[in-house]
Amino acid sequence: MLKIFNTLSRKKEIFKSVKERGARSKKEIGLYTCGPTVYNYAHIGNLRTYVFEDILRRTLESVRYKVKHVMNITDIDDKIIHGAQKEGKNIFEFTKIYEKTFFEDLNKLNIKKAWKYPKATVHIKEMIQLVKELLDKKLAYVAENGVYFDISRFKKYGKLSGISKLGQNIGMMKSRILTDEYSKANAQDFALWKFKKDGEPSWKAPFGEGRPGWHLECSAMSMKYLGKSFDIHAGGVDLIFPHHENEIAQSEGATGKKFAKYFLEGEHLLVAGEKMSKSKGNVFTLRDIEKRKVSPLAFRYFVLGAHYRSKLNFTWDALWASQRAFLRLYEVVRIIKKQGSRDKGQGKAYRNVEILKYRKMFKSALFDDLNTPKALAVLWNFIKNCSKFTYTDALKLLYEFDEVLGLGFKEVKLSNIPQIILNLVQKREECRREKKWKEADEIREKLKQKGFIIEDTSKGPKLSPTSPLI
Ligand code: AMP
Ligand code: ZN
């Protein structure tokens, strides 16, 4: 039984898909996650959220749900327009590089590809249609600089974030906020559509030429691909209000149907107690951590060490500690893999019951609202006791755990010796063949400095690292 925390009820709920009763493909579920605004490189705070969403998806898949995952790409907004203007490019030229690196980052982090990555600029038609429906239903009105959603006309406004409309005198104020990221303290009418300004990209619409607001994009694209009612909507906690609240208002206002059944929002990655964010200038990218010789998957391991609903403070020391643990993990997998290839079935008896016990503990950790720190503890516990099992069985279970953890166990190479070391070994062999003993000894010394000891055996040179972390 998979339990997930639903922001709508503020409780852990048993997950049951919207199609669960009577539908033909009850195992197919819809997951929509808010994607990047491609005006800059994703920072590792954004990536923390994408890793959490990947764990969510993989956990659902582990119970054999077929997950139709949609993640939008916001390729039109204020920041993109300003960035493009500054560089003298059109928005498509400007966003191209950030979009490309976004996909590279996902790949490096072993984040599974979504079913669709719809772009805002390709779905203007659907957005215009949604605004038309909201105008028809008098849930929206046309003001001097755009079309606005009238939150006083949507009774359930605030049901996700708990924000109150009372005391704001919204009907009287009709605050008109053109930017999408307004003060978190105020419930306000928000822009569905912003009228054309000189030098800005715009699209023709019956209510006036302009461009869509950010909230509108997600409503239009999620419903296009997943239907009016779908299963899960996810993002970071900063999106609860106003973004997700506004998405609910627009979508449910237009369709009269429940939008997403579950809302899951992951906590932030912090730096010195503050949210990592581009506007605060305290960001690091995946490239920054790679420059410091940290593997992207060690960052993934670092993220899994905290529950997605807990804040996680980023420090280099903490990241390096994660990298050390991650490398130890790889070393164990490597040893088991090597031994496994020699396991001819005559090893220790298959301890079925014990394996089942670990599998159950691992699953119950994940099924309890994706408790990854606990799942990692089960993994380490299993590793500590894995001499009880045949290598083949141990490896099988580790691979099974990794289907959800996504740490790349299958990719662990049997040999982790860098090419440069292998070249030195070969050169030493040549020197030995040519009886250049002095040079051969110098190479042996060089190898030692690089962390490898070489022994000459009857079967040829044998290389062993001086540390398990190499
Ligand atoms: P953005 O590109 O700013 O729209 O953000 C993309 C995703 O990253 C959204 O789901 C945000 O909620 C999330 N996000 C932004 N900053 C952080 C952070 N410091 N920690 C975790 N997630 C974040
Ligand atoms: Zn969104």
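All values below come from the heavy atoms of this structure, side chains included, with hydrogens, waters and symmetry mates left out. In listed order, ligands and their atoms are each counted from 1. Nothing fancy with the numbering, it's 1 onward along the sequence.
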If you compare Phe314, Tyr39, Tyr50 by their heavy atoms, the one closest to atom 7 (C) of ligand 1 turns out to be Tyr50
Atom 11 (C) of ligand 1: of Val51, Asp238, Thr33, the nearest heavy atom sits on Asp238
Taking only heavy atoms of [X] into account, list the atoms of ligand 1 that are under 4.0 Å away from them.
X	value
Thr37	2 (O), 4 (O)
Leu239	9 (C), 10 (O), 12 (O)
Pro36	2 (O)
Met276	16 (N), 18 (C), 19 (N)
Gly235	10 (O)
Thr49	10 (O), 13 (C), 21 (C), 22 (N), 23 (C)

Below 4.0 Å from ligand 1: does a non-hydrogen atom of His43 turn up there or not?
yes
Is the terminal nitrogen or CZ of Arg292 (NZ for Lys, CZ for Arg) located under 6.0 angstrom from the six-membered ring centre of Trp316 and within 45° of that ring's axis?
yes
Report yes or no: is the cationic atom of Lys27 (NZ for Lys, CZ for Arg) under 6.0 Å from the centre of the six-membered ring of Tyr65, at an angle within 45° of the ring normal?
yes
Could you give all pairs that pass the side chain to side chain donor-acceptor pair (under 3.5 Å) test and reach residues 33-42, with sequence neighbours left out?
Thr33-His69
Taking the six-membered ring for Trp, are Phe190 and Tyr148 closer than 6.0 Å centroid to centroid?
no
Measure from the ring center of Phe362 to the ring center of Phe401 and say whether it is less than 6.0 Å.
yes
Lys337 side chain vs Lys410 backbone, donor-acceptor pair below 3.5 Å
yes
Exercise: do Thr315 and Asp317 side chains pair donor with acceptor under 3.5 Å
no
Electrostatic pair Lys119:Glu99 at N-O distance under 4.0 angstrom:
yes
For Val18 against Asp231, the heavy-atom pair lying closest together
N-OD1, 2.7 Å
From the Zn ion (ligand 2), how many protein N/O/S atoms are found at a distance short of 2.8 Å?
3
Looking at Lys278, I'd like to know if its NZ atom is crowded, meaning that more than 12 non-hydrogen atoms belonging to other residues, nucleotides or ligands lie closer than 6.0 Å.
yes
Could you tell me whether some N/O pair between [X] and ligand 1 is separated by less than 3.5 angstrom?
X	answer
Gly45	yes
Val237	no
Arg48	no

With salt bridge (Lys or Arg N to Asp or Glu O under 4.0 Å) as the criterion, how do Glu87 and Lys89 come out once you've worked through the C-alpha distance, each side chain's angles and the decisive distance to 0.1 Å?
CA-CA 6 Å; Glu87 292 186 16; Lys89 293 179 176 162; 3.1 Å; yes
Using the rule ring-ring contact (aromatic ring centres under 6.0 Å, His included), only one of Phe52, Phe5, Tyr50 pairs with Tyr308; which is it?
Phe52
